[in-house]
Amino acid sequence: MATLAQRFMTNPVFSAVYEGLWRPAFTRLFSLGGPGTAEFDKALTAYLARSGDRTILDVACGPGLYTRRLAANLTSDGRCVGIDFSGAMLAQAVSKPLARTSYVRGDAHHLPFRDGAFDTVACFAALYLIPDPLPVVDELVRVTRPGGEIAIFTSVTTPVSQLPGVETIGKLAGFHFFGRHEITDRLRAAGVTRMEHTIVDQGQFVLATKDQS
Ligand SMILES: C[S@@+](CC[C@H](N)C(=O)[O-])C[C@H]1O[C@@H](n2cnc3c(N)ncnc32)[C@H](O)[C@@H]1O
């Protein structure tokens with residue numbers, strides 16, 4: 001059965017207000033305790049969006065806010081693909097077309113791409129809504145080329161998430177708080193040894209490089 005969060009993500013009205021209202025409000029929630037999340041997010045996105053002839057995949061792209069940012073400086077044969085399982089979110093994404101950007105409807109558990117297809121694979125603000133998220137981490141690694149990078153932004157257990165009631169409300173809504181090493185341990189098990197792991201305010205960022213062999 002779909003969680004409350006999944007029902008929201010596939011709702012056309014919610015999808016229409018996601019980018020302008022919900023995402024900024026949610027980023028502010030993640031920033032409880034400091035301005036760090038928004039600042040780190042900006043710096044990481046700017047790094048990932050460096051110019052070049054690269055292939056980028058944005059997993060669980062929603063209405064394409066980050067897909068467009070990641071694609072903005074691509075050159076030549078560079079391509080950015082956003083994938084999401086919500087038709088309503090993708091309808092928003094394709095309403096703002098951008099050169100070198102395309103969208104696919106699909107499930108993050110079974111990415112419809114060959115092994116090593118992308119130079120950069122991003123998954124922002126989505127793993128915590130996916131009921132079975134760790135196999136998705138394996139998929140992010142699988143479709144990244146050896147030497148390529150994987151960027152993740154997601155939740156983490158903090159003193160705020162452990163306040164009475166917060167976890168229960170999260171569970172009811174279909175929101176998961178990851179243990180501090182859950183994501184990095186899974187990446188390591190999938191064959192990634194080089195990682196920068198940063199916990200900022202209520203969120204965590206991982207920038208990992210897939211091993212060459
Ligand atoms: C909170 S939005 C994040 C969108 C975007 N990455 C961002 O940072 O603004 C989460 C997205 O994950 C998508 N999603 C959830 N489970 C998914 C799955 N199993 N496969 C593909 N997309 C999924 C939802 O449809 C939704 O668009």
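Ligands are counted one by one from 1 in listed order, and the atoms in each one are counted from 1 as well.
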Return yes or no for this condition: an N or O of [X] is under 3.5 Å from an N or O of ligand 1.
X	value
Q6	no
Y128	no
A60	yes
I130	no
V59	no
Y66	no

Mode of [X] contact toward ligand 1 - side chain, backbone, both, neither (heavy atoms, under 4.0 Å):
X	value
F26	neither
I83	neither
C61	backbone

V81 side chain near F118 side chain, heavy-atom distance below 4.5 Å: yes

Taking atom 22 (N) of ligand 1 as the reference point, the nearest protein heavy atom with its distance: F85 N, 3.3 Å

Heavy atoms of other groups near F8 CZ, more than 12 under 6.0 Å: no

H109 NE2: over 12 foreign heavy atoms closer than 6.0 Å: yes

Charged N-O contact under 4.0 Å between E149 and R50: yes

Aromatic ring proximity, centroids under 6.0 angstrom, Y128 and F30: yes

cation_pi(R180, F178) dist<6.0 Å, angle<=45: no

Sub-4.0 Å heavy-atom approach of F153 to ligand 1: no

Plane angle bin for F26 and W22 - parallel if under 30°, tilted between 30 and 60°, otherwise perpendicular: parallel

